[in-house]
Amino acid sequence: MHDPFATLIDCWKADPSSTYNSWFLWDQRIKNFRSIRRGIAQVVEDIRGGTFGNAYRGSSLETIVGSVAEQRQIFKGADHAFLWKPKLRIPDIYENTSNQLAFADLLHTCDHCDCAEDVVAAIQRIDAIGIKGLGPAVANLLYFIHPTLLSPFNTAIVNGFNAVTGGRVKLGRWDHYLSMREGLLRLNAQYRLKLSNDLGAIAGLMFDIGSGRYAAPPQAMDAATAKLWQEDLERVRQESTALQRELSQATESDATHTGIQASLRDLGKSLGFDVWIASNDRGRSYGSGLLGDGCLAQLPASVDRGLESIRLIDVVWIDTQTSQVAAAFEVEHTTSIYSGIVRMLDLALGTSVAVNCALFLVAPDNRRDKVAEQLQRPAFSRVSELGIRYLPYSQLEQNHALMSRFGSSIKPLLEISQQL
């Protein structure tokens, strides 16, 4: 075997249940980068403005960390490091004002720099302060700001890295995280053609090794060892049935999301609107064509304003006469409601033409309480100004044909939706 690690990468990428296929290539992963980054900026704003408070629960940090934790397997449990543990008084960023401001400085600096040296320097500054309980778990936030410079960080990733490299990286220490980062960058450069500039890919591989799904290639490998290791790879392929079932459920969820987008697309066209489909969804297969067939290739300049989050709104209806936004829709099937609300805010508060448009969160009938709960968070204090409405799947399905045939405006949608 010429290069066992290359063989492992190929096997991992071909496994439909690996983090590469179930998370790294998941379209919602990229779609949530903008909203998570905006949430980080909100945390900084709240801390510096004195409105962050002295508790994790109900804070803007809880909102954004919760959104990260919903990013499938690799970030499961990402919120544990930020939960306030009063007996241990960790992480000490809720009651210590100076520590809180230092944490905000780290987030702000990383959000406003674009080179590795500045990012590393910001991490070294927070490490020098020695804030109790605030360790490299913060990298799970910083990754969404600089995915090509920083990797996620958790127990499984550390275990995978140590197994592959023979390293002795420990959890809870920034210097060990930075050491692991250097090692991942070297590995990533060596196997760049098989991996990605985005360090989420190689971190995902380390995660699958560290969680026991794959065995790392032995440091010394003779013919017998190589044979046993290849047998282990084959066993992984054969044992993927349960995880494949989970992936199948996720795929079905994505298909439902696409189907609702298509329904809104067709309804908008029937009502005489130009329709915009989220830029990362236009190429999805639907029926005998693509989801974006017959839709706008670009948003009107007055709407776009250079905000990527607006281009990622699931469906937007544009008035053909005025080029103003008539209605915008975020479909929230099982993914974070937070991200959709942030994109709505960017549209409504960032563009003057969208001030009077109707905003809809389209979700399963049983998610209304979850949607309403999210809107109560302090991070969404301005949402009440926008009049966002909840449109249940069942109402859209039951009334679609009649609205398409007899409707001429968005008024019927206002009738079958509910104010939040």
Do Ser60 and Asp46 have a side chain donor and acceptor closer than 3.5 Å? yes

Any non-hydrogen side-chain atom of Asp314 less than 4.5 Å from a side-chain atom of Phe329? no

Measure across Ser151 and Ala139 and return the closest heavy-atom pair with its distance rounded to 0.1 Å. O-CB, 3.7 Å

Between His112 (side chain only) and His108 (backbone N and O only), is there a donor and an acceptor less than 3.5 Å apart? yes

If you define the side chain from C-beta out and look only at heavy atoms, does anything of Val158 sit under 4.5 Å from Lys170? no

Assess whether side-chain contact (heavy atoms from CB on, under 4.5 Å) is satisfied between Arg37 and Phe144, documenting all intermediate values. CA-CA 6 Å; Arg37 186 168 183 172; Phe144 286 93; 5.8 Å; no

Look at Arg125 together with Asp105 and state whether they make a salt bridge at an N to O cut-off of under 4.0 Å. no

Side-chain donor/acceptor of Asn159 to backbone N/O of Ser211, under 3.5 Å: no

For Gln418, is the CD atom crowded, meaning more than 12 foreign heavy atoms sit under 6.0 Å from it? yes

For a quick check under 3.5 Å, do Ser18 and Asp208 share a side-chain donor-acceptor pair by atom type? no

Go through it in stages, so that I can follow the logic: the residues are Asn96 and Ser98, the test is side chain to side chain donor-acceptor pair (under 3.5 Å), and I'd like the CA-CA distance, side-chain angles, deciding distance and then a yes or no. CA-CA 6 Å; Asn96 186 312; Ser98 61; 2.7 Å; yes

For residues Arg311 and Ser279, is any side-chain donor paired with an opposing acceptor at under 3.5 Å? no

Do the non-hydrogen side-chain atoms of Tyr94 and Phe82 ever get within less than 4.5 Å of each other? yes

Heavy-atom count around Asp266 CG within 6.0 Å, excluding the residue itself: above 12? yes

Begin with the C-alpha distance, continue with both residues' side-chain angles, and end with the deciding distance and a verdict on salt bridge (Lys or Arg N to Asp or Glu O under 4.0 Å) for Asp127 and Arg173. CA-CA 8 Å; Asp127 186 27; Arg173 291 184 53 174; over 6 Å; no

Does Asp198 form a salt bridge (Lys or Arg N to Asp or Glu O under 4.0 Å) with Arg29? I'd like the steps, not just the answer. CA-CA 12 Å; Asp198 185 327; Arg29 182 184 76 94; 3.1 Å; yes

Between Asn197 and Arg192, does any side-chain donor sit less than 3.5 Å from a side-chain acceptor? yes

Say whether, by atom type as modelled, one donor and one acceptor occur between the side chain of Thr165 and the main chain of Phe161 under 3.5 angstrom. yes

Please determine if Lys194 and Asp3 form a salt bridge, counting it only when a charged side-chain N lies under 4.0 Å from a carboxylate O. no

Nearest 0.5 angstrom please: Arg181 CZ to Asn188 CG, how far? 11.5 Å

Does the ring centre of Trp84 sit less than 6.0 Å away from the ring centre of Tyr56? no

State, without any angle test, whether Tyr390 and Asp365 hold a side-chain donor-acceptor pair at a distance under 3.5 Å. no

Would you sort out whether Phe5 and Val164 count as a side-chain contact (heavy atoms from CB on, under 4.5 Å), showing the intermediate values? CA-CA 9 Å; Phe5 196 68; Val164 168; 3.7 Å; yes

Determine, step by step, whether Ser196 and Phe24 satisfy the side-chain contact (heavy atoms from CB on, under 4.5 Å) criterion, reporting the C-alpha distance in whole Å, the side-chain angles of both residues, the deciding distance to 0.1 Å, and the verdict. CA-CA 10 Å; Ser196 168; Phe24 188 74; 3.6 Å; yes

Got a sec: does the NZ of Lys85 have more than 12 other heavy atoms crowding it under 6.0 Å? yes

